[in-house]
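Just so it is clear: chains get the letters A, B, ... in the order the sequence lines come, proteins before strands, and each one is counted from 1. A quick note: this is a predicted structure, and the numbers were derived from the prediction, not measured.
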There are 2 protein chains.
Amino acid sequence: MESLLQDALRIQKIVVPEMMTVFFRRYEILNTIASHEPIGRRSLSVLLGIGEKTARNEAALLQDKLLIHIDNQGMYITHEGRKVLEDAEPWVYKLKALDDTQKELAAVLSVKKVIISFRETNNKMLILQETGKKAAEYLKSIICEDMTIGITGGSTMAATVKEMPKSNHKNKNITIVPARGGLGEDVEIQANNIAASLAEKLNCSYKLLHLAENLSKELLESLKEYPEIRETIEGIQKINVLVFGIGRADVMSQRRHLKENHRILLKEKGAVAEAFGYYFDKKGKIVDVVNTVGITLDQYSGLEHVICVASGVEKATAIKAVSKLNPNLVLVIDEGLAKSILED
Amino acid sequence: MESLLQDALRIQKIVVPEMMTVFFRRYEILNTIASHEPIGRRSLSVLLGIGEKTARNEAALLQDKLLIHIDNQGMYITHEGRKVLEDAEPWVYKLKALDDTQKELAAVLSVKKVIISFRETNNKMLILQETGKKAAEYLKSIICEDMTIGITGGSTMAATVKEMPKSNHKNKNITIVPARGGLGEDVEIQANNIAASLAEKLNCSYKLLHLAENLSKELLESLKEYPEIRETIEGIQKINVLVFGIGRADVMSQRRHLKENHRILLKEKGAVAEAFGYYFDKKGKIVDVVNTVGITLDQYSGLEHVICVASGVEKATAIKAVSKLNPNLVLVIDEGLAKSILED
DNA sequence: CCTCCATGGGACTAAAAAAGTCCTATATGT
DNA sequence: ACATATAGGACTTTTTTAGTCCCATGGAGG
């Protein structure tokens with residue numbers, strides 16, 4: 001009786017419209033407590049951008065319903081609360097019609113699947129966190145024996161790995177490799193670091209690639225002979241799952257300290273997106289490649305599992321560009337980004 | 001996905017408990033407008049026992065959602081509104097858990113079916129009205145060709161008939177007969193009058209029984225020879241559907257102007273319920289019979305369709321007594337009565 | 001051992017929302 | 001023409017909700 005549920009939702013939206021707001025607010029509060037426990041009402045209120053008293057009142061209600069527990073350390077979620085959070089999720093998606101949006105987007109972009117993360121807040125950190133969580137969930141669901149997982153750098157990937165639950169049983173013959181070289185960024189969000197963290201979470205092995213970007217061809221060639229590097233390159237060639245973040249071409253070229261004339265060139269070529277070392281224009285055509293070792297576009301196009309994780313409306317164009325390269329793409333994005341992709 | 005709906009309800013009750021109140025209030029308002037249109041906000045507010053401003057605010061919201069239409073005559077329900085009302089009904093029953101109560105009661109009382117009417121108000125008239133409506137609905141659903149429908153008197157039956165929608169197509173060979181004689185009550189709620197009204201609503205034929213109660217045996221016997229009476233008696237013997245109200249023995253014996261000693265006798269015999277001319281004790285045993293023409297208990301026990309309609313908590317014991325006489329009984333009662341039957 | 005910091009809870013105030021009340025013009029039906 | 005019930009406006013009162021500040025507590029770090 002799926003239609004009964006649909007009816008129920010329709011009628012509620014009509015008859016008790018204010019219910020939606022309240023529901024989402026409480027869901028968000030509960031969710032935030034769940035992921036930050038123990039947390040005080042003050043921290044909570046600044047995190048969510050709501051008043052202290054509001055946080056307090058809502059918390060009192062949640063406590064009354066035994067969904068959270070409050071002591072002088074702060075607020076904790078209870079088992080009940082966790083259960084409610086889980087059970088409420090499909091319900092949240094229905095209410096927000098995210099279910100439909102996911103399918104619509106997958107069709108519009110011609111990709112395998114779109115997963116939309118949901119946070120009822122404007123806090124970019126929380127949104128990124130939730131997106132990472134969804135990405136981690138999906139990644140975990142597809143992992144199986146003898147896989148080589150390639151992963152890139154960036155804050156989105158960092159969030160993804162952070163949200164990956166720690167696995168205790170030793171994972172069978174799984175290897176994590178950075179999808180490409182490059183040391184330009186903060187160490188916290190470098191592909192190497194992220195690959196290692198992911199391996200730790202998944203309790204499996206990993207290989208690192210200590211190669212700077214923009215090396216001369218000759219130097220690159222000779223470095224490739226080094227055993228550790230060579231081994232990693234072989235690993236990269238074996239990648240069957242790629243998890244990658246995406247960036248706006250202009251932002252990335254700046255972050256990589258490209259020379260002024262190079263950046264102008266990129267702009268002239270219409271570069272809008274950057275991912276795993278490639279710059280793409282609107283149509284998904286390569287306009288430039290970072291001169292380093294890494295996964296190739298040919299390899300990418302043939303992969304069965306490609307997961308692109310992104311958060312923030314500014315990445316809409318980049319997403320559209322990269323969606324055209326592999327129909328197996330799975331997109332994990334936040335609600336705002338999803339809407340802005342659909343809107344243009 | 002029935003469980004999804006269940007989950008949704010459970011979670012809502014927990015996370016947004018106040019929603020229930022609001023929903024029921026609006027549902028009730030919409031429902032009342034539907035059955036009283038055109039109605040002004042003042043009449044509405046006294047009818048429902050809510051403040052004028054409340055009625056006004058809620059009406060404004062319902063108007064905004066296009067569920068009602070307001071002009072200087074008062075408020076009307078729109079098509080949209082009617083649809084919502086219909087679609088919301090199962091939802092109402094689930095929320096109130098009346099579904100479960102219905103099944104539980106049917107099991108506890110060992111009867112075929114229990115139908116609980118629902119009105120979010122303390123106004124006994126509205127509750128009676130709704131109970132009548134449900135009874136009428138059910139009766140209509142089982143009517144088919146060549147039936148003889150017996151009906152008793154009483155305000156509950158009057159309400160039932162009043163709520164029966166008028167049928168335009170000629171009903172095929174259906175006859176309404178009063179289930180027993182008796183002229184003791186107000187003409188408005190006499191079985192004869194009610195039978196005739198029902199026949200008019202169903203657009204079918206009827207027979208009347210003009211016989212006073214408490215006639216001497218001899219007189220009764222000779223009256224039975226009169227053609228009109230004889231014909232009706234034959235009709236009563238053909239009854240295959242009986243719709244009847246029920247009363248508390250003490251109340252009914254008073255209303256029928258029984259002699260003092262007779263009433264005391266009834267009390268001594270443990271009479272608690274009265275229905276279609278019989279007085280029953282707690283266990284459903286007959287302790288007395290009104291001396292008139294009418295359906296017999298033997299006949300009653302063998303009927304396939306027996307519908308007892310009752311409203312008001314004071315009838316709980318009577319219901320329990322009469323439930324034991326025929327497992328095919330269908331009970332149509334209001335929410336309060338249902339709960340009080342379960343509680344004792 | 002002490003200090004510091006974030007915590008919950010209490011108390012009071014300010015703001016906003018809801019409800020109560022009364023008035024008026026209007027249309028309808030007697 | 002009149003009595004009556006209607007919506008809608010305006011104003012007040014009540015109730016609910018949110019904002020703000022203070023304080024005792026208890027753990028973390030020095």
Side-chain angles (χ1 to χ4, degrees), chain A residues 15-30 32-78 81 120-123 125-126, chain B residues 15-30 32-78 81 120-123 125-126:
Chain A
V15 179
V16 200
E18 63 269 39
M19 174 266 181
M20 307 267 293
T21 323
V22 180
F23 176 78
F24 286 131
R25 187 211 277 167
R26 292 195 184 143
Y27 179 87
E28 182 60 27
I29 290 175
L30 193 56
T32 308
I33 292 174
S35 52
H36 289 78
E37 62 177 6
I39 185 175
R41 60 172 187 229
R42 267 167 275 247
S43 325
L44 187 65
S45 67
V46 302
L47 203 53
L48 295 178
I50 59 179
E52 178 191 325
K53 193 57 190 282
T54 310
R56 206 165 154 180
N57 288 342
E58 298 295 28
L61 184 138
L62 294 175
Q63 185 186 31
D64 185 59
K65 301 293 169 194
L66 303 178
L67 303 186
I68 63 173
H69 162 242
I70 305 182
D71 65 15
N72 46 22
Q73 304 302 303
M75 300 177 278
Y76 307 78
I77 192 162
T78 63
E120 191 68 9
T121 172
N122 293 319
N123 185 320
M125 288 305 299
L126 288 181
Chain B
V15 179
V16 199
E18 63 270 38
M19 175 266 183
M20 307 267 294
T21 324
V22 180
F23 176 77
F24 285 130
R25 187 211 276 167
R26 291 189 186 151
Y27 179 87
E28 181 60 25
I29 290 174
L30 194 56
T32 307
I33 292 174
S35 53
H36 290 77
E37 62 178 5
I39 185 175
R41 61 174 186 232
R42 262 170 277 247
S43 324
L44 187 65
S45 67
V46 302
L47 204 53
L48 296 178
I50 60 180
E52 178 191 323
K53 193 59 190 278
T54 311
R56 206 164 152 181
N57 288 342
E58 298 296 27
L61 184 138
L62 293 175
Q63 186 187 31
D64 187 56
K65 302 294 170 194
L66 302 179
L67 304 185
I68 63 173
H69 162 242
I70 306 182
D71 65 14
N72 46 22
Q73 305 301 304
M75 301 177 277
Y76 307 78
I77 192 162
T78 64
E120 191 68 9
T121 172
N122 292 319
N123 184 322
M125 286 306 298
L126 287 183

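Here the C1' atom of nucleotide D/dG9 and the CD atom of B/E52 are 12 Å apart, to the nearest Å. Summarising the geometry, the separation between CD1 on B/I33 and P on D/dA5 is reported as 18 Å, rounded to the nearest angstrom. Regarding B/K53, its NZ atom lies at a distance of 12 Å from the P atom of D/dA10, rounded to whole Å. One can place CD of B/E18 at 15 Å from C1' of C/dA17, the figure rounded to the nearest angstrom. Regarding B/D71, its CG atom lies at a distance of 16 Å from the P atom of C/dT26, rounded to whole Å. Between A/I70 atom CD1 and C/dG10 atom C1' the separation is 14 Å, expressed in whole Å. In this structure, CG of A/L47 is placed 11 Å from P of C/dT7, rounded to the nearest angstrom. In this structure, CZ of B/R42 is placed 17 Å from P of C/dA19, rounded to the nearest angstrom.
Evaluated for a side chain to side chain contact (heavy atoms under 4.5 Å, CB included) with A/K65, the options A/L62, A/L61, A/I68 yield exactly one hit, A/L61.
Counting heavy atoms from C-beta outward, B/H36 and B/L126 have side chains that approach closer than 4.5 Å. Side-chain contact check for B/E58 versus B/I50: every heavy-atom pair is 4.5 Å or farther apart.
Checking the phosphate oxygens (OP1, OP2) of C/dA19, a side-chain nitrogen or oxygen of B/R25 falls inside 4.0 Å. Listed pair B/S43 / D/dA5 fails the phosphate criterion, with no side-chain N or O lying under 4.0 Å from OP1 or OP2. Not one side-chain nitrogen or oxygen of A/N72 sits closer than 4.0 Å to the OP1 or OP2 atom of C/dG9. Residue A/T54 places at least one side-chain N or O closer than 4.0 Å to OP1 or OP2 of D/dG19.
At the heavy-atom level, A/I39 lies under 4.0 Å from the strands shown only through sugar-phosphate atoms.
Residues A/A55 and A/L44 come closest through the heavy atom pair CB-CD2, 4.4 Å.
In terms of position on DNA chain D, the residue among B/Q63 and A/R41 whose nearest nucleotide sits closer to the 5' end is B/Q63. Looking at which nucleotide of DNA chain D each of A/N57 and A/Q73 is closest to, the 5′-most match is held by A/N57.
For A/R56 against D/dG19, no side-chain N or O and base N or O form a donor-acceptor pair under 3.5 Å.
Salt bridge absent: B/R25 and B/E120 never bring a charged side-chain N and a carboxylate O closer than 4.0 Å.
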